[in-house]
Amino acid sequence: MAEHRQHSAHWGAFHAAAGRDGLDVRPDPVDPEPSALLRNVPASTRSRVLRPHVRRGFLERGPGPDDARGRDEHVPVPWEQALDLVAGELARVRAEHGPQAVYGGSYGWSSAGRFHHAQSQVHRFLGVTGGYTWSVGNYSYGAALPLLRRVVGDDAPVTTPTTWEVLTRHTGLFVCFGGIPAKNSQVNSGGATRHRTPGHLAAARRGGARFVLVSPLRDDLAAELDADWLAPVPGTDTALMLALAHVLITEGRHDEAFLRRCCEGFEAFRDHVLGRDGGPAKTPDWAEGICGIAAPVIADLAREMARNRTMITLSWSLQRSHRGEQPLWAGIALACLLGQVGLPGGGFGHGYGGMSGVGDVSLPYPLPTLPQGRNPVPDHIPVARIADLLLHPGEAVEYDGSVLTYPDIRLVHWAGGNPFHHHQNLARLRRAFTRPDAVVVHEPFWTATARHADIVLPSTTTLERDDIGAARHDSAVVAMHRVLDPVGESRDDYRIFSALAERLGAAAEFTEGRDERQWLEHLYETWRAALPADVAPEEDFAGFWRTGRVDLVVPNAEHVLYADFRADPAAHPLPTPSGRIELRSRTIESFGYDDCPPHPTWLPPAESAYPLHLIANNPATRLHSQLDHGALSTGSKVRGREPVRLHPDDATARGIADGDVVRLHNERGSCLAGAVLSEALRPGVVQLSTGAWFDPSAPEVATCVHGNPNVLTTDEGTSRLGQGATGQLSRVEVTRWDGPLPPVRAHG
């Protein structure tokens, strides 16, 4: 076996070597709790795109809208031909329709490396060659970003919440809306050398903290924390929070002094909670009829929160649903009523456990990243509106107080990420992908995104190139040594874009005359030289590359969100119009959005004819859809299909037994999945994780026969303010599938 080499991935640092029996992967010995996702890494060499391919219809008929995308066969072609086709299409589309007709698609999760970061590469390339339409926000917490900017002024509750070192010593009660699921804390976009979240939670419990989990899923918080479990009807957290606020206000347990000093608009919020604005009073009895939590339980929880130093944690999942801005805003308001914002161990945080490092100290200095350059095109969209963009050119969309117009996209150039995983209502996305003149995809694997492309350029995986791994909440920079030679004819994105830039006359601007190794040294040394002397690494690039990592100087971990603001709001105002936390936002009010009122409000979801609530959450056995064909992911499948959990009562009522193949369906589509019966979810709820590779190979049976829940989810924005994804919650029916079982072809 070859020598093991240091490398890093989204799920952690590791050492790997290629041998006779395949790839041997060993966790980094420094990591206290290495991620089980490392078991998927050996699958990196399988299901690969081995040569450039062009869709037959594109070869024969040329560019143009085509309903055959996703159904047509692909023909292998030489690299030079494929590159000429891509460069020719980019030049033609820009000349005939303008640079805004090119959409630069990427979601950035293709590598923990900062140089071979696909989003940086594709944006840099498209920028220097003429410009492109781009996206803002993300699928993880897209609704939260505009709301937080209006309510607290920035995204500090996500990026720099109160640190775990403070919470483990000072918090007496954690009330976890949406939980703090350990599965999500395995990953970080820039890698993770130390997984610490489970250890922090355990330390808080040993220190005497009590936990309350508010989620339809019992395992959204570790069993060892011995949490009280409140299982509301999915999507009703806002009603529960307003009822908790009602108890605090009517019993005089709210902090009037803090609300006067640090908050704007409490009176409007109070009047809404008490029913003085024409609506019903938001009493525990009112909330019980909506969320299914008994009124006395709600009242007792409110009183306990007031007696303790309470941290309200709000998961990212809360805002990935219908009117998702509201539970986040209501949670912030609830924390303000308690008056503990800015105190050690109190207040609120958004996304603890959302990914590794949230709650660890954030580095106050930059990382060695590839500059994306300047894009001369101003046109952009909220990232989750990709299908709308392609289907409705020229239409207007309201977003965060502005009105955007969808450009007429003629060419999609996608590198990094898999929209047929991230996006909702995949039947609609398939229609959207038929409309452009050309779709170009860089992809290592034959995913659904590659299968819907006209030109597929085989890109390397992270294991097949050198890079530098670094993350904002981590304490090391890792030398990612190449472990494998490129598989087949695959090339890294930088080499592909360099060749395309040369054809388009922009090679010098794109490459700046550097090859891969020269870029790595340039990024490292430029970064090192720009750091203050007391934190700059002593190792030059050669030393860093030889030792495999440099440990970073981490500042004091004793950070309390909004401590300075609380101490003196006049001297340390928030970047909001009032300088305070806005429980009523006159800015949002001025937008006139009926789907996002000017203060936290219960907005009932649309009625549905389907009886079961589907939770489409992040998987425990992979990151998004990455390496779905890996050992850990495939080992979780049921008869080759993604597992769907049902409560035994719901299964019995439908004649479903553990291990049966079932069909989930609603008005948008259907999928097959493997039934797993569990009492760890609320009756009336089913849970099917995202990330099973989309497989529409047997449409007469189901829209996806592998178990991708995004054939069922809604493709609409959370509201006109956030326009975030709403894929977390849907309504479905589930029946046992007794017909012939089609094979799963997704990994073929």
Side-chain angles (χ1 to χ4, degrees), residues 171-181 204-205 208-254 269 272-275 279-315 317-318 321 326-328 330-340 346 348 600-602 604-605 613 615 647 649-650 678-685 729:
T171 302
L173 176 66
F174 289 85
V175 181
C176 307
F177 289 94
I180 306 177
R205 184 71 183 98
R210 213 174 82 74
F211 288 82
V212 175
L213 168 64
V214 184
S215 170
L217 305 179
R218 174 64 185 86
D219 45 10
D220 272 343
L221 203 60
E224 304 82 62
L225 301 178
D226 195 27
D228 286 354
W229 179 30
L230 305 184
V233 174
T236 63
D237 300 83
T238 302
L240 174 58
M241 293 172 184
L242 295 179
L244 292 167
H246 188 278
V247 175
L248 295 176
I249 294 170
T250 57
E251 296 186 1
R253 300 174 187 270
H254 60 302
F269 176 66
H272 178 67
V273 169
L274 298 181
K282 309 306 184 287
T283 65
D285 286 326
W286 167 84
E288 179 179 349
I290 295 171
C291 66
I293 305 298
V297 173
I298 297 173
D300 287 346
L301 176 59
R303 295 164 189 146
E304 184 179 7
M305 293 170 72
R307 289 194 302 268
N308 286 276
R309 182 61 56 85
T310 299
M311 169 54 64
I312 297 173
T313 74
L314 306 160
S315 73
S317 62
L318 292 177
S321 62
Q326 299 308 310
L328 174 56
I332 295 171
L334 190 57
C336 290
L337 292 180
L338 294 173
Q340 298 177 17
F348 70 96
T601 305
W602 165 244
H613 294 268
I615 296 178
H647 192 278
D649 293 350
D650 297 317
S678 173
E679 294 186 345
L681 34 67
R682 176 189 170 94
V685 171
L729 302 177

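For the atom pair L242 CG and D237 CG, the distance stands at 11.0 Å (nearest 0.5 Å). From R309, atom CZ reaches atom CD of Q340 across 5.5 Å, with rounding to the nearest 0.5 Å. Between the CG atom in L338 and the CE atom in M305 there is a gap of 5.0 Å [rounded to 0.5 Å]. For the atom pair H254 NE2 and L248 CG, the distance stands at 8.5 Å (nearest 0.5 Å). In this structure, OG1 on T601 lies 5.0 Å from CD on Q326, to the nearest 0.5 angstrom. Here the CD1-CG distance, from I615 to L681, works out to 7.5 Å after rounding to the nearest 0.5 Å.
Residues T171 and A209 share a closest heavy-atom pair of O-CB, 3.4 Å. Of all non-hydrogen atoms in I290 and A239, the two that sit nearest each other are CG2-CB, 3.9 Å. Smallest separation of non-hydrogen atoms from P234 and P216: CG-CG, 3.8 Å. Considering every non-hydrogen atom in both G178 and S315, the closest pair reads CA-OG, 3.4 Å. Residue P280 comes nearest to W286 through the heavy atom pair CG-NE1, 3.7 Å, listed as atom of the first residue, atom of the second, then distance. Shortest non-hydrogen contact noted between A287 and I298 is CB-CD1, 4.0 Å.
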ask   = Between V233 and R682, does a side-chain contact (heavy atoms from CB on, under 4.5 Å) hold up when you go through it step by step?
value = CA-CA 8 Å; V233 174; R682 176 189 170 94; 3.4 Å; yes
message = Working note: L337 + F269, criterion side-chain contact (heavy atoms from CB on, under 4.5 Å); need CA distance, chi angles, decisive distance, verdict.
response = CA-CA 11 Å; L337 292 180; F269 176 66; 4.1 Å; yes
task = Any chance you could lay out the side-chain contact (heavy atoms from CB on, under 4.5 Å) test for V685 and H647, step after step, and finish with the verdict?
result = CA-CA 7 Å; V685 171; H647 192 278; over 6 Å; no
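Applying the side-chain contact (heavy atoms from CB on, under 4.5 Å) criterion to R307, with sequence neighbours excluded, gives R303, E304. For A335, the side-chain contact (heavy atoms from CB on, under 4.5 Å) partners two or more places apart in sequence, or in a different chain, are I312, V341, F348. In this structure, the side-chain contact (heavy atoms from CB on, under 4.5 Å) partners of S215, at least two apart in sequence or on a different chain, are L213, L217, D220. For P605, the side-chain contact (heavy atoms from CB on, under 4.5 Å) criterion is met by H322, W602, not counting sequence neighbours.
Checking side-chain atoms of K282 against main-chain N and O of H272 turns up a donor-acceptor pair under 3.5 Å. Within the 3.5 Å criterion, the main-chain N or O of A306 finds no donor-acceptor partner in the side chain of R253.
Sorted by first and then second residue, the ring-ring contact (aromatic ring centres under 6.0 Å, His included) pairs with a member in residues 232-252 form an empty list; sequence neighbours excluded. Residues in residues 226-235 take part in these salt bridge (charged side-chain N to carboxylate O under 4.0 Å, His left out) pairs, two or more places apart or across chains: R205-D226, R210-D228.
Between F177 and the choices L230, L318, T313, V212, the side-chain contact (heavy atoms from CB on, under 4.5 Å) rule is met once, by L318.
Crowding of E251 atom CD: a count of heavy atoms from other residues, nucleotides or ligands under 6.0 Å exceeding 12.
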